[in-house]
Number of protein chains: 2
Amino acid sequence: MSRAPQKRRLETRAKLLSVAEHIIDTEGCAALRMEEVAAKAGVAKGTLFSHFGDKEGLLAVIFGARVMGYLDQMEAMPDPDTPDEIASRLAPLLDFVAQDRMIFELLLRYSGTTSENVDEVITQGFIRQVTLCAGWITGMQQRGRIRDDQDPVLLAEGVQAFLTHVLAIGFCQEHAQMIPPAEAMLPYLRGWLDIR
Amino acid sequence: MSRAPQKRRLETRAKLLSVAEHIIDTEGCAALRMEEVAAKAGVAKGTLFSHFGDKEGLLAVIFGARVMGYLDQMEAMPDPDTPDEIASRLAPLLDFVAQDRMIFELLLRYSGTTSENVDEVITQGFIRQVTLCAGWITGMQQRGRIRDDQDPVLLAEGVQAFLTHVLAIGFCQEHAQMIPPAEAMLPYLRGWLDIR
DNA sequence: GACAAATATTGACCACGGTCAATTTTAAAG
DNA sequence: CTTTAAAATTGACCGTGGTCAATATTTGTC
C-alpha cells in the first residue's frame with residue numbers, strides 16, 4: 001500500500017504540466033524538449049521522468065485532458081439524428097487531433113484499449129467516445145433514422161475506424177488542400193449508417 | 001540532371017540492405033541499430049544515412065519490398081466473391097503487418113498517399129492495394145454479390161479503414177488472446193459490403 | 001596518363017530521450 | 001525534539017539517431 005503523494009510532489013507535477021502545456025501551445029508539440037521542460041520548471045530531468053515515465057506519458061496526460069474536454073462538449077450537445085450530424089458533433093475533436101500528427105499517433109497507440117489500464121486518461125477517453133457514439137446510434141436506430149441490422153457497438157467502432165482513416169489520410173497529403181476531417185468522413189458515415 | 005549511381009554505391013546499398021534484413025529477421029525490428037548495420041556492412045554510419053536518409057527510410061525500403069511481395073501473391077489468387085473471401089485474400093498481408101507494431105506505424109504513416117511521392121515504395125504499395133481491392137469490388141458488384149450503391153473506390157478505402165482499425169486494436173490488447181486480424185475484420189466487412 | 005569535376009564515403013561530433021545510485025526532504029512514531 | 005523510513009529529487013551518465021565538413025574514389029575529357 002503506497003501513501004498518498006506529498007504536497008511538494010503535487011506542486012512539482014502541476015508546475016511541470018503548466019510549463020509543458022505552455023511550450024506546446026506556443027511552439028507546438030514537435031518543439032517540446034524534456035530537458036527544457038525540467039529546466040523551466042526548476043527541477044532536474046530525473047524528476048520529470050519520475051512523474052510521467054517518458055515523453056509519451058507526459059503528452060498522454062496533457063492531451064488526454066484535452067480530449068476529455070472535447071468529450072464534455074460533445075455530451076453537452078443535443079444527440080445527433082443523422083450521420084451528417086454525427087460528423088458535426090465529432091468535428092471539434094477531429095480538428096484538434098488533425099492539427100498535429102504527434103497527437104494523432106499518440107491517441108492511435110491507445111485506441112484499442114477497451115478495458116484494463118483504465119488508469120490511463122486516454123484509454124478512458126476512448127471508452128467514453130465509443131460509448132457516447134454507441135448511445136447516439138442506439139437512439140437513431142430506435143427513431144428509425146439509420147440501419148438497425150447491426151449492433152450499435154459495432155457501428156460505433158466502425159465510426160471510429162473511419163475517423164482514424166480520414167485523419168491518417170489527411171496527414172499524408174498535408175501540403176495539399178486538406179479538407180476538414182469531419183467533412184471527409186461524410187461519405188463513409190453515410191455508406192456505413194444510412195438505411196438502404 | 002544527375003548521373004546514374006556508380007557501381008560501388010549499388011554494392012554498398014545492397015550490402016547494407018542485406019545486413020539490415022538479416023538483423024530484422026533474426027532479432028526483430030526493435031533490435032535494429034543503425035550503427036550496427038553500418039559496422040556489419042563495413043561502412044561508416046554516414047554512408048548508411050546517405051543511402052536511406054533516416055532509419056524510417058531504411059525500414060520503408062525493406063518493408064515496402066515485402067509488402068509488394070504480398071501484393072503479388074494477392075494478385076495471383078482468384079478474385080474473391082464475398083466479403084469473407086476478401087478477408088482471406090488480405091490475411092497474409094495483415095498477419096505480416098500485425099507481427100510488429102513498428103511495421104504497422106511505418107505503413108500507416110504513408111497510408112494516405114494517393115499520388116505524388118510515387119518514388120516511395122510504400123506509397124506505390126498502397127495505391128496498388130486500393131486499386132486491387134477496388135477491382136475486386138467492381139467485379140463483385142457486377143456479379144450482384146455485394147452492394148452496388150457506392151463507388152468501388154470509396155468501398156475499397158473503407159476496407160482499408162477497417163484494416164487499419166483491427167490492426168490498431170490488436171496492438172493495444174497485445175498481451176491477451178489476439179484473434180487473427182483477418183477474422184476480426186469480418187463483421188466490419190460484412191456490415192460494409194453486404195447487400196441488405 | 002594527367003587533370004578536373006562529380007560522386008561516394010568517412011568518423012568526429014551533436015541532440016535528445018531516458019536511467020539510476022546517491023542525496024535531500026517529508027512526515028509519522030516515540 | 002529525535003529518530004527513522006518512505007518519498008522525492010538530483011545530475012552525471014549512457015545509447016542511439018542523425019549531421020556535415022573533410023577526404024577518398026570514380027568517371028569523363030583532352
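In what follows, chains carry the letters A, B, and so on, assigned in the order in which the sequence lines appear, proteins first and then strands, with residues in each chain numbered from 1. Excluded from the calculations below are hydrogen atoms, water molecules and symmetry mates; all remaining heavy atoms, backbone and side chain alike, are included.
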Enquirer: Please say which of B:I122, B:L93, B:V121 ends up in a side-chain contact (heavy atoms from CB on, under 4.5 Å) with B:V67.
Expert: B:L93
Enquirer: Heavy atoms only, 4.0 Å cut-off, all strands: where does A:L10 land among base, sugar-phosphate and nothing?
Expert: nothing
Enquirer: Only one of B:L17, B:V43, B:L48 passes side-chain contact (heavy atoms from CB on, under 4.5 Å) with B:T12; say which it is.
Expert: B:V43
Enquirer: Just so I know, are the side chains of A:L108 and B:E105 near enough to count as touching, which here means a heavy-atom distance under 4.5 Å?
Expert: no
Enquirer: What is the distance from CG of B:L32 to P of D:dG17, rounded to the nearest Å?
Expert: 7 Å
Enquirer: May I have the distance from A:M34 (atom CE) to D:dT16 (atom P), rounded to whole angstrom?
Expert: 19 Å
Enquirer: Starting at the 5' end of DNA chain D, which residue's closest nucleotide do you reach first, B:D54 or B:R8?
Expert: B:D54
Enquirer: On DNA chain C, does the nearest nucleotide to B:K45 precede the nearest nucleotide to B:P5 from the 5' side, or the other way round? Give the residue.
Expert: B:P5
Enquirer: Roughly how many Å is it from CG in B:L59 to P in D:dT16, rounded to a whole number?
Expert: 15 Å
Enquirer: What's the CZ-C1' distance between B:F49 and C:dA15, to the nearest Å?
Expert: 13 Å
Enquirer: Given that B:A4 and B:G46 both sit by DNA chain C, which one's nearest nucleotide is further toward the 5' end?
Expert: B:A4
Enquirer: Rounded to whole angstrom units, what separation is found between the CG atom of A:L16 and the P atom of C:dG17?
Expert: 14 Å
Enquirer: B:E35 has an atom CD; how far is it from atom C1' of C:dA15, in whole Å?
Expert: 15 Å
Enquirer: Between the base of C:dG18 and the side chain of A:K55, is there any donor-acceptor pair under 3.5 Å?
Expert: no
Enquirer: May I ask you to evaluate whether B:T12 reaches the phosphate of C:dT9, defined as a side-chain N or O under 4.0 Å from OP1 or OP2?
Expert: yes
Enquirer: Which whole-number value in Å describes the distance from A:F52 CZ to D:dA8 C1'?
Expert: 14 Å
Enquirer: For the residue pair A:F104 and A:F171, categorise the inter-ring angle as parallel (less than 30°), tilted (30 to 60°) or perpendicular (more than 60°).
Expert: tilted
Enquirer: Can you find a side chain N or O atom of A:R9 that sits less than 4.0 Å from OP1 or OP2 on D:dA7?
Expert: no
Enquirer: Side chain of B:A44: nearest nucleotide among C:dA8, C:dT10, D:dA7?
Expert: C:dT10
Enquirer: Taking only side-chain nitrogens and oxygens of B:H51, does any of them come within less than 4.0 Å of OP1 or OP2 of C:dA8?
Expert: no
Enquirer: Select one nucleotide: of D:dT19, D:dT10, C:dT9, the one nearest the side-chain heavy atoms of A:T47.
Expert: D:dT10
Enquirer: Does a sphere of radius 6.0 Å around CD in B:E35 hold more than 12 heavy atoms from other residues, nucleotides or ligands, not counting ones at 6.0 Å or beyond?
Expert: no
Enquirer: In whole Å, I'd like the distance from the NZ atom of B:K15 to the P atom of C:dT9.
Expert: 14 Å
